[in-house]
Amino acid sequence: MASSQYVLYDIPSGKAPVTWSPNPWKTHLLFNFKGLDYRTQWVEYPDIKSTLEAQYDSIPKYRRPSNVPSVAPNPGNPAYSIPTIACPDGTYIMDSRKIADSIERQVPLPSLHLDSVYLEKIERVWVQYMNAFAPIFIPLVPKRILNEESLEYWYTTREAMVGMSLDQFEKEKGGVRAWNEVEPVLREVTALLKENEGPFFMGKTASYADLVWFSILLFNQKLGSDVFQEAMERTGDSKVHLDLMKAAQPWCG
């Protein structure tokens, strides 16, 4: 009998691994929201390409249907990324939003409400937040989160990305300057959470938009109480974010 279990590839933090990165968090939350059976396969950063490339190469060509996303390389860089999932039918899907789209087709209830106007807004805000937040989190991740096996990879790739050492990046663009860029994004989300009186963006109805924003809040928590507290102080009203976290907490399990 074929297994009904999904496999979620994620990046570990700690020797008793836990999720930390917001993109994998979206998929963990999604699986729990849908009540799906899954297990986590932990992969350190330097091993992502070889692990996923090997999985893709192991799929016979006749089992790579054109209408089902598989773990073919990304056209850009990096070629392979996390989250990636292995589905019970043997196909692979890479990228958190592609995963959400596919799972919603496979398991329509409870609905993710992917057509919600809030999802479009929150996905845009999510990108804005991560860009503004980069001078804070990029230097902190290797100091506070990553296992030793991933440190060299992180420093090499991120320093190439920002064009300087991470210490210099933090000094020149981090701190108060970065938080001032983050603040208006946080306040925009605060306003969206208030539109329907919460705790979710759609009021009493949970949707994928909530999981997307919750992934950011969980990431802030993992970076440290100082980071999370600073973020909450800059929201304009931390209560609506804390209410969302409380309401969505059952999907963290």
Side-chain angles (χ1 to χ4, degrees), residues 19-34 83 95-105 107-138 140 174 176-253:
T19 299
W20 60 273
S21 182
N23 275 315
W25 255 128
K26 294 178 196 175
T27 305
H28 278 283
L29 295 166
L30 164 64
F31 278 153
N32 293 330
F33 179 81
K34 291 285 190 180
D95 181 86
S96 58
R97 181 54 197 270
K98 291 178 181 177
I99 291 168
D101 290 341
S102 180
I103 295 296
E104 184 76 343
R105 289 193 297 268
V107 187
L109 296 176
S111 175
L112 293 172
H113 299 283
L114 296 179
D115 58 350
S116 165
V117 295
Y118 289 99
L119 178 56
E120 180 181 355
K121 292 176 181 179
I122 290 303
E123 287 187 324
R124 170 183 55 79
V125 167
W126 192 97
V127 173
Q128 291 175 338
Y129 184 91
M130 293 299 284
N131 287 339
F133 195 47
I136 299 168
F137 85 79
I138 289 179
L140 279 181
V176 173
R177 176 178 176 179
W179 279 115
N180 288 342
E181 295 291 325
V182 166
E183 183 168 332
V185 184
L186 286 167
R187 288 178 178 265
E188 181 177 352
V189 179
T190 299
L192 291 171
L193 281 168
K194 288 184 172 183
E195 286 187 358
N196 295 302
E197 300 181 357
F200 304 115
F201 289 104
M202 295 173 63
K204 304 302 180 187
T205 301
S207 70
Y208 190 59
D210 302 297
L211 307 187
V212 171
W213 186 246
F214 192 23
S215 76
I216 288 282
L217 299 176
L218 290 166
F219 180 40
N220 276 268
Q221 271 194 332
K222 181 63 179 175
L223 283 167
S225 59
D226 55 336
V227 175
F228 184 73
Q229 184 61 35
E230 183 73 26
M232 290 299 97
E233 289 176 359
R234 289 175 177 269
T235 61
D237 185 353
S238 63
K239 184 179 183 300
V240 294
H241 298 267
L242 297 174
D243 286 348
L244 171 62
M245 294 186 76
K246 181 178 179 180
Q249 191 64 37
W251 304 317
C252 288

For the student: nearest non-hydrogen atoms of [X] and [Y], plus distance:
X: G198; Y: K204; answer: O-NZ, 3.6 Å
X: H113; Y: S207; answer: CB-CB, 3.8 Å
X: L112; Y: E104; answer: N-OE2, 3.0 Å
X: W25; Y: S215; answer: CB-CB, 3.9 Å
X: L223; Y: D226; answer: O-OD1, 4.4 Å
X: A206; Y: F200; answer: N-CD1, 3.7 Å

Practice item. Determine whether the side chains of S238 and E233 contain a donor N or O and an acceptor N or O closer than 3.5 Å. Key: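 The criterion, which ignores hydrogens and geometry beyond distance, is not satisfied for E233 and S238.
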
**Study point:** With Y208 via ring-ring contact (aromatic ring centres under 6.0 Å, His included) - residues at least two apart
**Key:**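 Once residues adjacent in sequence are excluded, Y208 has no partner under the ring-ring contact (aromatic ring centres under 6.0 Å, His included) criterion.
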
Check your understanding: Testing W179, F137, F219 for side chain to side chain contact (heavy atoms under 4.5 Å, CB included) with V227, which one passes?
Key ->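 Filter result, single survivor: W179.
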
**Study point:** With N196 via side chain to side chain contact (heavy atoms under 4.5 Å, CB included) - residues at least two apart
**Key:**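 Scan of N196 (side chain to side chain contact (heavy atoms under 4.5 Å, CB included), adjacent residues dropped) gives Y118.
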
Review point. Mind checking whether C252 and F214 have side chains closer than 4.5 Å, heavy atoms only?
Key: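 Answer yes - side chains close enough.
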
Practice item. Would you indicate whether the side-chain heavy atoms of L29 and L218 approach each other to under 4.5 Å? Key: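 Side chain of L218 against side chain of L29, heavy atoms only: contact under 4.5 Å found.
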
To the nearest 0.5 angstrom, please state how far the [atom1] atom of [X] sits from the [atom2] atom of [Y].
X: S21; Y: K222; atom1: OG; atom2: NZ; answer: 12.0 Å
X: L217; Y: M232; atom1: CG; atom2: CE; answer: 5.0 Å
X: Q221; Y: I216; atom1: CD; atom2: CD1; answer: 12.5 Å
X: K239; Y: K194; atom1: NZ; atom2: NZ; answer: 10.0 Å

Taking [X] for the side chain and [Y] for the main chain, is one N or O donor matched with an acceptor at less than 3.5 Å?
X: N23; Y: S96; result: no
X: N32; Y: H28; result: yes
X: K34; Y: I103; result: no
X: S102; Y: I99; result: no

Review point. For atom CD of E123, is the number of surrounding heavy atoms from other residues, nucleotides or ligands below 6.0 Å larger than 12?
Key: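 Count over threshold, so yes.
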
Check your understanding: Got a sec: does the CD of E195 have more than 12 other heavy atoms crowding it under 6.0 Å?
Key ->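 Yes, because the 6.0 Å sphere around CD of E195 holds more than 12 heavy atoms from other groups.
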
Practice item. Evaluate the ring planes of F133 and Y129, with Trp represented by its six-membered ring, and classify them as parallel (under 30°), tilted (30 to 60°) or perpendicular (over 60°). Key: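 Judged by the thresholds at 30° and 60°, the geometry between F133 and Y129 is tilted.
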
Point to revise | Stacked cation flag K26 on W126, 6.0 angstrom / 45 deg | key: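 K26 over W126 ring: yes.
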
What pairs of donor and acceptor atoms, side-chain ones from residues 181-192 against any protein atom, are under 3.5 angstrom apart with sequence neighbours left out?
unit_1: E183; atom_1: OE1; unit_2: R234; atom_2: NH1; d: 2.7
unit_1: E183; atom_1: OE2; unit_2: R187; atom_2: NE; d: 3.0
unit_1: E183; atom_1: OE2; unit_2: R187; atom_2: NH2; d: 3.4
unit_1: E188; atom_1: OE2; unit_2: R124; atom_2: NH1; d: 3.4
unit_1: E188; atom_1: OE2; unit_2: R124; atom_2: NH2; d: 2.8
unit_1: T190; atom_1: OG1; unit_2: L186; atom_2: O; d: 3.0
unit_1: T190; atom_1: OG1; unit_2: T235; atom_2: O; d: 2.8
unit_1: T190; atom_1: OG1; unit_2: H241; atom_2: NE2; d: 2.8

Review point. Does a salt bridge link D101 with R97, judged by any charged N lying under 4.0 Å from a carboxylate O?
Key: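 Yes, D101 and R97 are salt-bridged.
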
